[in-house]
Amino acid sequence: MNKILIVLLGPTGVGKTDISIDLAIRFNSEIISADSRQFFIEMRIGTAVPSIDQLTKIKHHFIRFLSVEDYYSASLFERDVIELLPRLFSKKSIVLMTGGSGMYIDAVCNGIDDIPDVDPAARERYITRYREEGISGLREALKILDPEHYTKVDLNNPKRIMRALEICDTAGRPYSSFLIKKKRERDFTIIKIGLERTRSELYYRINSRVDMMVEMGLEEEARNLLNFRNMNALNSVGYREFFEFFDGKISKDKAIELIKRNSRRYAKRQITWWGKDKEIKWFHPDSAPEIIEYIGESVNKAK
RNA sequence: GGGGAGAUACCAAAGUGGCCAACUGGGGCAGACUGUAAAUCUGCUGGCGAAUGCCUUCGUAGGUUCGAAUCCUGCUCUCCCCA
């Protein structure tokens, strides 16, 4: 019988967690989390990790398995999930993956090109160059090292250019030469289910969830992570705003307000990311019966 | 009752005769994005249009002027001070 990976995705706050538990029970499945910030053990409240109760009900993978000091990436996630899946499929025919990190989900579904790891010294070099010469310095370097990519990248986006330059440096050949962009074939069927709500509904939920996080002690959680603020994991909604508050730059109320706004913006970006993916079948989170029916149909088709 | 200040687009706030469909900020909308992705970046934000453009706006009703968000008058409302 065909192995099935159900991918349950949707913007932050839409209500993925609750449904994922229901679906996992219904289809006797375990859950793979595809939320790039729920990976970190120190970040529990601000990332809306499933409750203890939910975690004991259903076996979850990739939840709080890293420290904020660890390096991780979409590519590592692809590797780890693809390595884990055969083991899960040996006992379950259906596995559920749920989360909101579009790039990580794509990495699992379609694969991501093999690109060498960046030499930290190279990264440092270009960070310095950016600081000293600004974005035009980066552009000039890219024009020389990878003229092809130069015509394609967003020349306003320093991170994009730096990334390409780092690769050029460490690999000794153009970044663009690594971009094969070939979809990787998987030996399991993927069913993508998107959860959506009206914008006002979603924003209301996001806002009140932030208030809830604050009540649960987000401030304390953030304060305990202040020393790690430079780690990438902490460059996240819910933490960076509190760091600003700790710095005395903004009031606590302002920080909370910004967390809400930035969460809304994040949700918007997620929606944009998935907008072009025609494989996703969209449902309202209250439509569990329809979702189950759709999964049933798709599973039959896949047989 | 007397005196003063003000009413600008979703909100805040510039503009004080033509360069104004109106600075800027917020909020919002739309988009890009292959290893930092909860990141990073871009555009739009009176209506219609792909666009040159056309139409309706700066409390409200008039007036002055070739021309008004900007000047004058009446009215309505808000705020502050004195009583």
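Every chain is numbered from 1 and lettered A, B, ... according to where its sequence line falls, protein lines coming before strand lines.
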Using a cut-off of 4.0 Å on non-hydrogen atoms, how would the nucleic acid contact of [X] be classed: base, sugar-phosphate, or nothing?
X: A:Gly46; value: base
X: A:Asp113; value: base
X: A:Thr47; value: base
X: A:Tyr203; value: sugar-phosphate
X: A:Arg269; value: base
X: A:Thr12; value: nothing
X: A:Lys260; value: nothing

Distance check needed: [N] [atom2] versus [X] [atom1], whole Å only.
X: A:Tyr239; N: B:U36; atom1: OH; atom2: C1'; result: 17 Å
X: A:Asn110; N: B:A37; atom1: CG; atom2: C1'; result: 16 Å
X: A:Tyr266; N: B:G28; atom1: OH; atom2: P; result: 17 Å
X: A:Ile112; N: B:U34; atom1: CD1; atom2: P; result: 9 Å
X: A:Arg163; N: B:A39; atom1: CZ; atom2: C1'; result: 13 Å
X: A:Gln270; N: B:A30; atom1: CD; atom2: P; result: 14 Å
X: A:Asn232; N: B:U40; atom1: CG; atom2: C1'; result: 11 Å
X: A:Met43; N: B:A37; atom1: CE; atom2: P; result: 11 Å

A:Tyr204 six-ring face occupied by A:Arg209 cation (under 6.0 Å, within 45°): no
For A:Tyr239, is the NZ or CZ atom of A:Arg229 found under 6.0 angstrom from the centre of its six-membered ring and inside 45 degrees of the ring axis? no
Taking the side chain of [X] as its heavy atoms from C-beta onward, which of [options] lies nearest to it?
X: A:Trp273; options: B:A37, B:A38, B:A30; answer: B:A37
X: A:Pro158; options: B:U40, B:U34, B:A37; answer: B:U40
X: A:Asn157; options: B:A38, B:C41, B:A37; answer: B:C41
X: A:Asp154; options: B:G31, B:C41, B:G28; answer: B:C41
X: A:Tyr104; options: B:A30, B:A37, B:G35; answer: B:A37

For [N] and [M], measure between their [atom1] atoms and round to the nearest Å.
N: B:C44; M: B:A39; atom1: C1'; answer: 23 Å
N: B:C77; M: B:G25; atom1: C1'; answer: 27 Å
N: B:U64; M: B:A9; atom1: C1'; answer: 27 Å
N: B:G59; M: B:U8; atom1: C1'; answer: 10 Å
N: B:C75; M: B:A7; atom1: C1'; answer: 14 Å
N: B:G63; M: B:C23; atom1: P; answer: 30 Å
N: B:A61; M: B:A13; atom1: C1'; answer: 27 Å
N: B:G46; M: B:C81; atom1: C1'; answer: 38 Å

Short side-chain N/O contact to [N] OP1/OP2 from [X], under 4.0 Å:
X: A:Tyr175; N: B:G35; result: yes
X: A:Lys152; N: B:A32; result: no
X: A:Arg37; N: B:A37; result: yes
X: A:Arg264; N: B:A38; result: no
X: A:Arg240; N: B:A39; result: yes
X: A:Lys159; N: B:C41; result: no
X: A:Thr272; N: B:G31; result: yes

Can you work out whether A:Asn156 or A:Phe178 has the more 5'-proximal nearest nucleotide on RNA chain B? A:Phe178
Which residue, A:Leu76 or A:Asn262, contacts RNA chain B at a nucleotide closer to its 5' end, judged by nearest heavy atom? A:Leu76
With sequence neighbours left out, the residues meeting side-chain contact (heavy atoms from CB on, under 4.5 Å) with A:Glu257 are A:Lys254
By the rule that syn is within 90° of 0, classify the base conformation of B:G35 as syn or anti. syn
Ignoring hydrogens and geometry, is there a side-chain-to-backbone donor-acceptor pair from [X] to [Y] under 3.5 Å?
X: A:Asp113; Y: A:Ile180; value: yes
X: A:Lys3; Y: A:Phe89; value: yes
X: A:Gln270; Y: A:Gly100; value: yes

Any strand counts, and the cut-off is 3.5 Å on both contacts for Watson-Crick or G-U wobble. Which nucleotide pairs with [N]?
N: B:A13; answer: none
N: B:C79; answer: B:G4
N: B:C54; answer: B:G47
N: B:C71; answer: B:G63

Are A:Arg184 and A:Glu78 within salt-bridge range, i.e. N to O under 4.0 Å? yes
N-O pairing of A:Asp146 and A:Lys152 below 4.0 Å: no
Determine the interplanar angle of the A:Phe65 and A:Tyr72 rings, folded into 0 to 90°, and report it as parallel if under 30°, tilted if 30 to 60°, perpendicular if over 60°. perpendicular
Kindly say whether, by distance alone, the side chain of A:Arg160 makes a donor-acceptor pair under 3.5 Å with the base of B:A39? yes
Given the structure, check if the side chain of A:Arg199 and the base of B:G28 hold any donor-acceptor pair shorter than 3.5 Å. no
